[in-house]
Amino acid sequence: MAPPPSPSPPSGPASTPGVLARMPELVRAMAPERGGVLWKLAAEGRQLDANVVRLAPGAEVASHVEPDLDVLVYVVNGNGRLDLPDGSRPLDGGCVVWLPCGARRSLAAGPHGMDYVTVHRRRPGMAIGRGPAAGGESAVPRAAERAGGEPAWVLDRVCAECGRLAPDTPGVRFCGYCGSRL
């Protein structure tokens, strides 16, 4: 039997199917005590976003709500917990978790860390908009934000690793989407 093909990135807007990465190689490439994004889907014209994330031992992704997207999480290695408003759920390799939009959640890695894959519909890009209106509410309607991305006044809260918007919560140290340190 011939060895499987080497991973290759998709090419151009009309990407062709293919092996994009090999999980054991991604996981081995990063020191176990370090967290962050190990891989992310980057094909042009894609409809999905996907990330392979290492949450360092004992690290947490702060409690947050994804208002617009359902997220599927597959725990590859390690263990930890999923905290929901109604309690905690243990996570270990092989767990598949559905996080519907609007659900408050946080993740915490166990003593050996946790590697996981996230998959969700692709977000629109960033857009320039108006800052907060009186009372702290966005002056840009929520539908406009979904259609054109996040307004420019929140760019300082965009994660450098995955490009997602971090919550505007004091003390948040890790991105709620990819687990990277902010």
Revision key, fill the gap. Side chain to side chain contact (heavy atoms under 4.5 Å, CB included) with Thr118: of Leu99, Asp49, Val73, only one passes, and it is Val73

**Study point:** Rounded distance (nearest 0.5 Å) linking atom CG of Leu69 with atom SG of Cys101
**Key:** 7.5 Å

Practice item. Flag the pair His64 / Arg105 as yes when at least one side-chain heavy-atom distance between them is below 4.5 Å, and no otherwise. Key: yes

Check your understanding: So how far is it from Leu72 CG to Tyr116 OH, rounded to the nearest 0.5 Å?
Key -> 13.0 Å

Practice item. Go through the steps to decide whether Ser88 and Asp83 satisfy the test side-chain contact (heavy atoms from CB on, under 4.5 Å), and finish with yes or no. Key: CA-CA 4 Å; Ser88 294; Asp83 294 323; 2.4 Å; yes

Point to revise | Close side-chain approach of Val117 to Val76, heavy-atom, < 4.5 Å | key: yes

Check your understanding: Do Asp92 and Val75 come close enough that some side-chain heavy atom pair is under 4.5 Å?
Key -> no

Review point. Going by heavy atoms in the side chains, are Leu82 and Val97 under 4.5 Å from each other?
Key: yes

Check your understanding: Is the backbone of His120 close enough, under 3.5 Å, to the side chain of Arg122 for a donor and an acceptor to pair up by distance?
Key -> no

Check your understanding: Going through the distances and angles, do Arg81 and Leu91 end up as a side-chain contact (heavy atoms from CB on, under 4.5 Å)?
Key -> CA-CA 5 Å; Arg81 71 175 192 277; Leu91 297 175; 5.6 Å; no

Check your understanding: Short question: side chain of Arg89, backbone of Leu84 - any donor-acceptor pair under 3.5 Å?
Key -> no

**Study point:** Shortest non-hydrogen contact between Ala62 and Ser106, atoms and distance
**Key:** C-CB, 3.8 Å

Point to revise | Heavy-atom donor-acceptor pair, Asn51 side chain to Lys40 backbone, under 3.5 Å | key: no

**Study point:** Beyond-backbone contact of Leu20 with Trp39, side-chain heavy atoms, under 4.5 angstrom
**Key:** yes

Point to revise | Test item: Arg104 side-chain N/O and Gly102 main-chain N/O as donor-acceptor pair under 3.5 Å | key: no

Please tabulate, for side-chain N and O atoms in residues 108-115, each donor-acceptor pair with protein atoms closer than 3.5 Å (sequence neighbours left out).
residue: Asp115; atom: OD1; partner: Arg54; partner atom: NE; Å: 2.6
residue: Asp115; atom: OD1; partner: Arg54; partner atom: NH2; Å: 3.3
residue: Asp115; atom: OD2; partner: Arg54; partner atom: NH2; Å: 3.2
residue: Asp115; atom: OD2; partner: Asn77; partner atom: ND2; Å: 3.4

**Study point:** Contact summary for Cys95 and Pro90, nearest pair of heavy atoms
**Key:** SG-O, 4.3 Å

